[in-house]
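Below, read A as the first sequence line, B as the second, and so on, with proteins coming before strands; counting in each chain starts at 1.
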There are 2 protein chains.
Amino acid sequence: MDEKVTQDTPRPRTIEEIAAEIGVSVTTVRLVINGQAERYRISARTRQAVEAYVAKHGYVVDHAGRSLKLRRSDAVGCIVPDLANAHFARLIAQLEERCRNRGLVLLTASTHEKPERERQTISGLLARGVDGIIISPCEQPEPARFVRRGQRNVATVVIDRAFPKTLFPTVVGDNEASARRLTGQIMAESGGDVFFLCARPEMPSIAARIAGFTDAFGAAGASERLLTDPEDDSASSGHRLMADLLARLGRPPKSFISSSLLILEGAIQALVDRFGSVPRDIILGTFDYHPLMELSSNRVLSVRQDTLRIADVAFTCLVDAMEKGSDEASSPVHVIPGALFADRQRLPE
Amino acid sequence: MDEKVTQDTPRPRTIEEIAAEIGVSVTTVRLVINGQAERYRISARTRQAVEAYVAKHGYVVDHAGRSLKLRRSDAVGCIVPDLANAHFARLIAQLEERCRNRGLVLLTASTHEKPERERQTISGLLARGVDGIIISPCEQPEPARFVRRGQRNVATVVIDRAFPKTLFPTVVGDNEASARRLTGQIMAESGGDVFFLCARPEMPSIAARIAGFTDAFGAAGASERLLTDPEDDSASSGHRLMADLLARLGRPPKSFISSSLLILEGAIQALVDRFGSVPRDIILGTFDYHPLMELSSNRVLSVRQDTLRIADVAFTCLVDAMEKGSDEASSPVHVIPGALFADRQRLPE
DNA sequence: CTGTTAGCGCTTTCAG
DNA sequence: CTGAAAGCGCTAACAG
């Protein structure tokens, strides 16, 4: 009746509709659509009929039906403390790229360091039937939370935070070693007048950085140069820590290290609030890198994580676990070395 | 047989399993699980039986089955040029928050300004059955690409880029007005020696900024102060533009405006490459804000978008379109005013 | 080479 | 107040 559909009609069809309209079976249609026409030697005529139809009207699979049948969603979830954080944003961008290449789709969510939210998010993703989860957890990840209907646990990879004896494959930066190098360098340059500002010291990644700092500084006196704030990793935390430090010293420190970009931001604002600008001779040490740091005329020593490799390794582990089955996958901790930069120059090991 | 499942057994059950195990019908189970026990006056006994079972073994819906039946996924997609870009990362973080509050899940993807990828992504999301799409498009968004099986078009909201006569609701910053203000201010402060560095001038948001710049500068001479690069918005673009400018002038400009943070980053690196550091007296003008700018001892004039409100309005539009049906929804262009800051201080209108 | 059929887990009538 | 049955679109096993 409506022969005159010019080019592509809006409404995509189901396999059944296509089969009915060109008078073949769903199997046939499915085989040519899925490119298995060769393998099953579908006759050229029928194949062309299907192809013509699809070319004209288009066809997109309905993943709902597909997932239901296959018990597989071709989706993976990524849970991080904060999507807006540059480090995680980069990571997600990298992961999305890799997912796309494998026909996977990425679901993202932030926890804002709230265990309760983290749990809800995990079970939300599970309800969605994700085939894998990459998580930067804010509490010890319990395998019991990652169980999927019917099957074994979802493939899970932990990033960024190596909680003690985690059962999942884990990919982290070499926080302790980096902190040691950074601290050593900054002490050499500042004559030892250095402070370490950090939030959430109980998080494994931060704990490792603290350990590296303490080690390099020397146990004696390190503790009073370590300013911690149990709160959320945030600019306001950094502001508070720096304000406290300034109050205590009555002068700017010769150098300080911040445990994250957000802490650095806050610390800088506190310095600007107090002195009108960042005193030029302070040496800034920081974890995580952002190109805008280059704006500073201060000396900046930064530890840059190898986000690309972290994403790579994490994704590889995930795919591995998805294929092997999460339970059989080994659970190594992959430590990805970072690089120490002085301004724009990479320092040799 | 296995009576002794202590607390929570791993494998979540289906509604049918639950019904079978406690000897009632699926309808009954579903009613109490969905909290409709009251409405249908399920007897206290059966309800408690179900509740006890669920408390013990847990239950999470399977969205695959649910979506298939309801033709609705409770998922929305967000497509942006680059997830790692601070502006979009913030936006996504805000959107995810709002989605979570409504029981929606967010799928994210970047296009890297490639129309081909954008199209694939759209149809990928459609195949996933998303109920809505928020997109910052890199080409004119054709309604024909947003058709969903069976029903009308997916609810769609365009952000960031107002392509001419778009049929979808659109939420953008007030690029032209902001550019006019920024240019006026920077000219006043630099005596008129200003240049505008931008990538992808044909993108509507950039075009609007150029229009504002040209308008404020005065048509005469504006064109030779406008440096554009058709390529991807990127640091390397910014580097090239600034390098060209320096070659042309033989000296640093008194001030320049960059159309994005990435351009700014590149421009800064070019300055550092050439002069060893960013000459202190250059006034920096830029769109999009990042707290690390504070690090600069240069004067910084920045236009800050109201990301939070953009996310709010966009999400509201989306929900609206999802409820009303995309086709009937009106397609207004919402212009969200930005704010002009000089260093850390907001300038009055 | 092609067709038939059952069933994934859920919701929704429609009957009791 | 509760149960039975159909069907969303897809795939896989089995028949021809």
Trainee: Could you say whether B/His63 or A/Gly23 is positioned toward the 5' end of DNA chain C, judged by the nucleotide with the nearest heavy atom to each?
Mentor: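 Residue closer to the 5' terminus by nearest nucleotide: A/Gly23.
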
Trainee: Whole Å only: how far is the CG atom of A/Leu31 from the P atom of C/dT2?
Mentor: 9 Å

Trainee: For D/dG3, take OP1 and OP2 only and decide whether either is under 4.0 Å from a side-chain N or O of B/Ser25.
Mentor: yes

Trainee: From CD of B/Glu21 over to P of C/dG9, roughly how many Å is that when rounded to an integer?
Mentor: 14 Å

Trainee: Rounded to whole Å, please give me the gap between CG in A/Asp62 and P in D/dG7.
Mentor: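 Computing the A/Asp62:CG to D/dG7:P distance gives 18 Å.
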
Trainee: How would you list, by chain and number, every residue that makes a side chain to side chain contact (heavy atoms under 4.5 Å, CB included) with B/Thr170, sequence neighbours excluded?
Mentor: B/Val158, B/Ala162, B/Thr166, B/Val172, B/Val333

Trainee: Would you check if the side chain of A/Thr28 reaches a backbone N or O of A/Val24 as a donor-acceptor pair within less than 3.5 Å?
Mentor: no

Trainee: A/Thr28 side chain N/O closer than 4.0 Å to the phosphate oxygens (OP1, OP2) of C/dG3?
Mentor: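 So the side-chain polar atoms of A/Thr28 do come within 4.0 Å of the phosphate oxygens OP1 or OP2 of C/dG3, strictly under.
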
Trainee: Looking at residues at least two apart in the chain, or sitting in another chain, which of them share a salt bridge (charged side-chain N to carboxylate O under 4.0 Å, His left out) with A/Glu113?
Mentor: A/Arg161, A/Arg200

Trainee: Report, one pair per line, the protein and nucleotides 11-16 of chain C atoms (nitrogen or oxygen only) whose separation is under 3.5 Å.
Mentor:
| from | atom 1 | to | atom 2 | distance (Å) |
| --- | --- | --- | --- | --- |
| C/dT11 | OP1 | B/Arg66 | NE | 2.9 |

Trainee: A/Gln94 and side-chain hydrogen bond (donor to acceptor under 3.5 Å, both in side chains): which single residue from A/Arg98, A/Glu97, A/Arg90 fits?
Mentor: A/Arg98

Trainee: Looking for any heavy atom pair under 4.0 Å, which part of the strands does B/Thr46 touch: base, sugar-phosphate only, or nothing?
Mentor: sugar-phosphate

Trainee: Between B/Phe146 and B/Phe168, is a ring-ring contact (aromatic ring centres under 6.0 Å, His included) present by the stated rule, with each step listed?
Mentor: CA-CA 11 Å; B/Phe146 294 82; B/Phe168 300 112; 5.1 Å; yes

Trainee: With each end axis built from five pairs of C1' atoms, what bend angle do you get for the helix from C/dC1-D/dG16 to C/dG16-D/dC1? Round to 10°.
Mentor: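 Answer for the end axes of this duplex: 50°.
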
Trainee: Do the charged groups of A/Arg100 and A/Glu96 touch, with an N to O distance under 4.0 Å?
Mentor: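 So A/Arg100 pairs with A/Glu96 through a salt bridge.
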
Trainee: I'd like a table of donor-acceptor pairs (distance under 3.5 Å, sequence neighbours excluded) in which one partner is a side-chain atom from residues 130-139 of chain A, with atom names and distances.
Mentor:
| from | atom 1 | to | atom 2 | distance (Å) |
| --- | --- | --- | --- | --- |
| A/Asp131 | OD1 | A/Ser73 | N | 3.0 |
| A/Asp131 | OD1 | A/Ser73 | OG | 3.4 |
| A/Asp131 | OD1 | A/Arg148 | NH1 | 3.4 |
| A/Asp131 | OD2 | A/Ser73 | N | 3.3 |
| A/Asp131 | OD2 | A/Asp74 | N | 2.6 |
| A/Glu139 | OE1 | A/Arg119 | NH2 | 2.9 |
| A/Glu139 | OE2 | A/Arg119 | NE | 2.9 |

Trainee: Heavy-atom distance under 4.5 Å between the side chains of A/Val171 and A/Val157, does that happen here?
Mentor: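 Sidechains of A/Val157 and A/Val171: in contact.
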
Trainee: Indicate whether OP1 or OP2 belonging to C/dC1 is found under 4.0 Å from a side-chain N or O atom of A/Arg47.
Mentor: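 The answer is no; no side-chain N or O of A/Arg47 sits under 4.0 Å from OP1 or OP2.
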
Trainee: I'd like to check the side chain to side chain contact (heavy atoms under 4.5 Å, CB included) partners of A/Glu16; sequence neighbours left out, ordered by chain and number.
Mentor: A/Thr14, A/Val26

Trainee: Please state how far atom CZ in B/Arg148 lies from atom P in D/dC8, giving the value in whole angstrom units.
Mentor: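 For the pair B/Arg148 CZ and D/dC8 P, the rounded distance is 17 Å.
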
Trainee: Between P on D/dA6 and CG on B/Leu68, what's the gap in Å once rounded to a whole number?
Mentor: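 Taking CG of B/Leu68 and P of D/dA6, I get 17 Å after rounding.
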
